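What follows is a short report on a single structure.
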Amino acid sequence: MDLPKLAIAALGGTVSMQARSAGEGVIPTVSGETLLASLPQLRAMARVTVETLGLLPSASLDFEFLLSVLGWANEQVEQGATGVVITQGTDTLEETAAFFDYLWAHDEPLVLTGAMRSADQAGADGPANFLDGCRVALAVESRRRGVQVVMNGQIHSAGAVRKTDSLALQAFSSAIVGPVGLMVEGNVHYLRPPGQRTVLPVPQRTSQNVALLEASLSADSLLLENIVALGYDGLVIGGFGAGHASERWADAIVHIAEKIPVVIATRTGSGSTARSSYGFIGSERDLIDKGAFMAGFLCPRKARILLWLLIGCQRQDELEHHLTPL
Ligand code: ASP
């Protein structure tokens with residue numbers, strides 16, 4: 001029987017990090033080929049191709065590089081891959097997952113995974129996550145689920161997953177909905193059927209800048225008032241509670257929203273923005289009246305990804321339509 005084809009790419013991150021010598025900090029040095037060599041059992045599961053597309057800490061990934069990775073992943077599927085696995089740093093995994101998911105037009109799964117412990121640490125989780133990621137990417141049940149994040153025995157959907165712990169092994173969670181699936185004795189077990197997905201065209205433009213500011217107590221409005229003059233094409237605010245801002249910020253937002261799209265998300269880490277509950281200046285009702293859009297369940301970072309992509313494919317008119325699903 002022909003084994004399925006599995007395409008793997010390494011981008012860097014802790015999963016590929018180790019120290020050059022004792023006492024030094026870890027840096028990305030371990031190639032995809034070396035990662036793969038640590039899991040000989042994979043060769044019995046699939047015809048595996050592996051490429052090291054980058055050796056970067058995930059804080060230094062950027063949208064243009066991710067578009068080139070997407071191009072590589074598209075090619076793999078077009079050439080017959082059953083699934084694609086990308087290893088990268090966990091610090092921005094929730095953002096890259098959303099980025100790829102908005103652009104992933106295939107039924108074949110695209111799985112992102114990484115590690116919380118570096119390759120040279122005792123109890124390194126990289127190999128286990130990598131193997132689980134490959135299992136998820138090869139599972140027929142994973143089709144039509146878009147991009148998923150596999151970490152610590154859990155499968156998370158790209159729209160909901162967030163890094164919610166800085167160093168713990170259990171660093172990823174999906175607020176309200178929880179993981180979409182689990183690894184059980186090496187098998188992929190989904191807890192719910194695939195949901196509706198939004199797929200956008202690949203952006204033609206990549207020079208747009210979308211700012212992300214977080215509301216905070218007694219914050220000045222210096223940056224906010226200059227956001228348009230600074231050349232930003234869009235603004236996302238991690239708002240208080242259900243999508244709120246101070247009076248001072250509300251006064252600035254009304255002028256900004258006349259010029260560029262403004263999205264208000266919740267900075268709480270869980271739950272949706274409101275639409276019709278509060279009426280004070282800076283409330284969601286007031287900010288909607290002032291021309292802002294409410295992000296719904298989309299967290300500030302994912303809302304910024306969405307807005308950047310929509311501006312890039314000249315579809316910002318559709319913004320409201322895309323704000324709400326998990
Ligand atoms: N601590 C990060 C990680 O887990 C570093 C990075 O994101 O590259 O991979």
Side-chain angles (χ1 to χ4, degrees), residues 8-39 50-70 72-73 84-101 110-134 136-137 147-175 179 183 212 269 299-302 304-305 308:
I8 297 169
L11 308 187
T14 298
V15 66
S16 68
M17 290 193 197
Q18 58 187 17
R20 285 230 174 85
S21 54
E24 281 187 12
V26 297
I27 54 170
T29 50
V30 182
S31 67
E33 291 76 1
T34 307
L35 278 178
L36 186 62
S38 68
L39 293 171
V50 62
E51 288 192 47
T52 305
L53 300 178
L55 278 175
L56 292 163
S58 71
S60 295
L61 296 172
D62 64 38
F63 292 152
E64 272 164 11
F65 175 66
L66 293 182
L67 286 173
S68 72
V69 174
L70 178 76
W72 168 86
V84 178
V85 177
I86 295 174
T87 61
Q88 67 152 88
T90 59
D91 287 352
T92 61
L93 200 50
E94 66 194 68
E95 286 163 274
T96 53
F99 185 91
F100 287 133
D101 193 52
L110 172 57
V111 172
L112 303 185
T113 188
M116 293 304 294
R117 292 182 184 153
S118 57
D120 56 2
Q121 232 176 319
D125 53 330
N129 290 338
F130 186 34
L131 185 58
D132 283 348
C134 293
V136 172
V147 176
Q148 304 193 98
V149 169
V150 176
M151 289 289 294
N152 205 27
Q154 297 185 334
I155 310 165
H156 294 270
S157 68
V161 70
R162 297 186 66 181
K163 188 174 188 180
T164 47
D165 197 289
S166 56
L167 288 167
L169 220 47
Q170 180 54 39
F172 286 83
S173 58
S174 296
M183 297 305 299
L212 169 55
C299 78
R301 295 159 206 161
K302 293 184 201 279
R304 175 174 168 270
I305 301 278
W308 188 89

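Everything quoted here is computed from the prediction, not taken from an experiment. Note that ligands are numbered from 1 as they come in the structure, with each ligand's atoms numbered from 1 the same way.
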Problem set entry | Within the 4.0 Å heavy-atom sphere of ligand 1, strictly under, residues | Gly13, Thr14, Met17, Pro57, Ser58, Gly89, Thr90, Asp91, Ala115
For this session: Begin from the C-alpha positions of Phe130 and Val15 and carry the test side chain to side chain contact (heavy atoms under 4.5 Å, CB included) through to its verdict.
Result: CA-CA 9 Å; Phe130 186 34; Val15 66; 5.6 Å; no
Exercise. For the residue pair Gly12 and Pro28, what are the closest heavy atoms and their distance?
Worked result: CA-CB, 4.4 Å
For this session: For Thr96, enumerate each residue passing the side-chain hydrogen bond (donor to acceptor under 3.5 Å, both in side chains) test, keeping only those at least two apart in sequence or located in another chain.
Result: Gln88
Problem set entry | Side-chain ion pair, Lys163 and Glu94, N-O less than 4.0 Å | no
For this session: Work out which heavy atom in Ala158 is nearest to a heavy atom in Asp101; give both atom names and the distance.
Result: CB-CB, 3.6 Å
For this session: Tell me yes or no: between the side chains of Glu24 and Ser21, is some donor less than 3.5 Å from an acceptor?
Result: yes
